[in-house]
Amino acid sequence: MMRINIATLFPAMCEAFLGESIIGRARKAGAVEIGCRDIRAYTLDKHRRVDDKAYGGGTGMVMQAQPIYDCVMSIIGDLGENAHPRLIYMSPQGKKLDQQLVKELAREDDLIILCGHYEGVDRRVLDELAFEEISVGDYVVTGGELPALILTDAVCRLQPGVLPNEDAYSNESHYNGLLEYPQYTRPEEWRDRRVPEVLISGHHANIKKWQDEQSLEVTRTKRPDML
């Protein structure tokens, strides 16, 4: 079973998402184990500060190395001496997350995901613990929690027991290098628009052929760079 630990200043924010829907059910069923660790609990400052002004000036604050280091080392200690977690820092400077990287991460036993805030974190702790940096896109958000939850969701849904079967994710966009074919549901006709006849024909070979052709066409139209 995969174990994911998120080091964050806002564990309640993460738990609000992780307790719902498919991921919430998977946690309750024991298909995945996800924990949220409060970095602030590890500060030595009596006011529970975890940040300070940046050397060299500039606006904004920088998260300090000590609370992050102690938080991550505590997680590693709790995982046990045989654990070798992969350490990830969510950063706009990192390698861009895609489905191939998701599949690679999904094969790990343990992930520790660090969420930065403010102007980022003290570089020394990233180097000391050999964090790899991963980005969810070429833009900046106010903290690492949303990117961490995106990564967690993408990785968890590939774990055994989270979705009904492999078909639930193997036919989706990006999994096999193409975008997914169009989807339809009842009623058969809506506002003079009908579901393609092949999909209600019951002929499985023809349906599969149509889906493959549509997947190629959708990819060619929307994301030709993927071909």
Side-chain angles (χ1 to χ4, degrees), residues 2 4 6 14 17-18 20-27 31-32 34 86 88-109 111 113 115 131-227:
M2 166 167 269
I4 299 176
I6 301 174
C14 296
F17 171 81
L18 296 169
E20 299 293 334
S21 190
I22 292 172
I23 303 303
R25 292 195 296 270
R27 292 176 80 188
V32 292
I34 309 173
R86 189 160 171 176
I88 297 168
Y89 171 50
M90 305 309 299
S91 164
Q93 297 183 10
K95 179 180 180 181
K96 193 177 293 186
L97 185 68
D98 59 18
Q99 193 63 31
Q100 288 304 116
L101 181 53
V102 168
K103 288 194 279 188
E104 177 186 324
L105 294 172
R107 293 192 288 268
E108 300 286 344
D109 293 323
L111 299 177
I113 307 173
C115 304
F131 272 94
E132 65 178 289
E133 300 183 39
I134 293 180
S135 168
V136 294
D138 294 336
Y139 51 87
V140 178
V141 293
T142 55
E145 284 73 22
L146 290 176
L149 292 173
I150 289 172
L151 188 151
T152 299
D153 185 281
V155 167
C156 283
R157 59 199 310 281
L158 300 188
Q159 300 305 309
V162 174
L163 297 180
N165 51 59
E166 185 177 327
D167 288 345
Y169 58 78
S170 62
N171 291 326
E172 293 181 328
S173 293
H174 299 289
Y175 189 83
N176 292 313
L178 296 174
L179 299 182
E180 190 178 15
Y181 46 82
Q183 298 281 8
Y184 301 87
T185 188
R186 292 180 177 85
E188 289 183 17
E189 185 171 332
W190 177 79
R191 296 180 68 87
D192 297 327
R193 296 174 183 268
R194 288 190 55 79
V195 174
E197 292 297 329
V198 65
L199 296 181
I200 54 179
S201 68
H203 195 298
H204 297 298
N206 286 348
I207 291 172
K208 179 64 168 61
K209 182 173 181 289
W210 180 90
Q211 290 172 337
D212 290 344
E213 290 172 347
Q214 288 296 308
S215 185
L216 278 169
E217 183 58 30
V218 169
T219 306
R220 184 179 297 110
T221 302
K222 295 183 177 180
R223 288 289 304 276
D225 58 295
M226 292 176 61
L227 295 175

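Just so you know, these numbers come straight off a predicted model, no measurement behind them. Atoms considered below: every heavy atom in the structure, side chains included; atoms not considered: hydrogens, waters and symmetry mates.
Rounding to the nearest 0.5 Å gives a distance of 13.5 Å between CZ of R25 and CZ of R27. Taken to the nearest 0.5 Å, the CD atom of Q214 stands 13.0 Å off from the CD1 atom of I207. Here CD of Q211 is found 4.0 Å from OH of Y181. Values are rounded to the nearest 0.5 Å. Between atom CG of residue L18 and atom CD1 of residue I6 there is a gap of 5.0 Å, rounded to the nearest 0.5 Å.
Contact check for I113 versus M90: side-chain heavy atoms found under the 4.5 Å cut-off. The shortest side-chain heavy-atom distance between V136 and V141 does not fall under the 4.5 Å cut-off. Using a 4.5 Å cut-off on side-chain heavy atoms (C-beta onward), R86 and E132 make contact. At a threshold of 4.5 Å between non-hydrogen side-chain atoms, the residues V195 and T185 do not count as touching.
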What pairs of donor and acceptor atoms, side-chain ones from residues 143-153 against any protein atom, are under 3.5 angstrom apart with sequence neighbours left out?
from: E145; atom 1: OE1; to: H117; atom 2: NE2; distance (Å): 3.0
from: E145; atom 1: OE2; to: T8; atom 2: OG1; distance (Å): 2.6
from: T152; atom 1: OG1; to: A148; atom 2: O; distance (Å): 2.8

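By the side-chain hydrogen bond (donor to acceptor under 3.5 Å, both in side chains) test, K103 pairs with Q100, sequence neighbours left out. Every residue two or more places apart in sequence or in another chain that forms a side-chain hydrogen bond (donor to acceptor under 3.5 Å, both in side chains) with E133 is listed here: S91, R123. R223 is linked by a side-chain contact (heavy atoms from CB on, under 4.5 Å) to H174, L179, D225, M226, counting only residues two or more places apart in sequence or in another chain. When the salt bridge (Lys or Arg N to Asp or Glu O under 4.0 Å) test is applied to R220, the partners found at least two apart in sequence or on another chain are E217. With sequence neighbours excluded, the residues that form a side-chain contact (heavy atoms from CB on, under 4.5 Å) with A26 are A31, V32, V162. Remark: D109 engages no residue in a side-chain hydrogen bond (donor to acceptor under 3.5 Å, both in side chains) (not counting sequence neighbours). With sequence neighbours left out, the side-chain contact (heavy atoms from CB on, under 4.5 Å) criterion links P196 to Y184, V198, L199, W210. Every residue meeting the side-chain contact (heavy atoms from CB on, under 4.5 Å) condition with E197, not counting sequence neighbours, appears here in chain and number order: R194, I200. Listed by chain and number, the residues in a side-chain hydrogen bond (donor to acceptor under 3.5 Å, both in side chains) with K209 are E213 (sequence neighbours excluded).
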| task | Would you check, one step at a time, whether the test side-chain contact (heavy atoms from CB on, under 4.5 Å) holds for R157 with I22? | result | CA-CA 8 Å; R157 59 199 310 281; I22 292 172; 5.7 Å; no
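Counting non-hydrogen atoms of neighbouring residues, nucleotides and ligands closer than 6.0 angstrom, the CD atom of E189 exceeds 12 such neighbours. Residue Q93 places its CD atom among 12 or fewer non-hydrogen atoms of other residues, nucleotides or ligands, all under 6.0 Å distant.
Among all heavy-atom pairs drawn from C156 and I4, the shortest one is SG-CD1, 3.7 Å. Residues V155 and A106 come closest through the heavy atom pair CG1-CA, 3.8 Å.
Checked by atom type and distance alone, the side chain of T219 pairs as donor or acceptor with a backbone atom of S215 at under 3.5 Å.
Listed by first and then second residue, the salt bridge (Lys or Arg N to Asp or Glu O under 4.0 Å) pairs that reach into residues 134-143 are K96-D138, sequence neighbours excluded.
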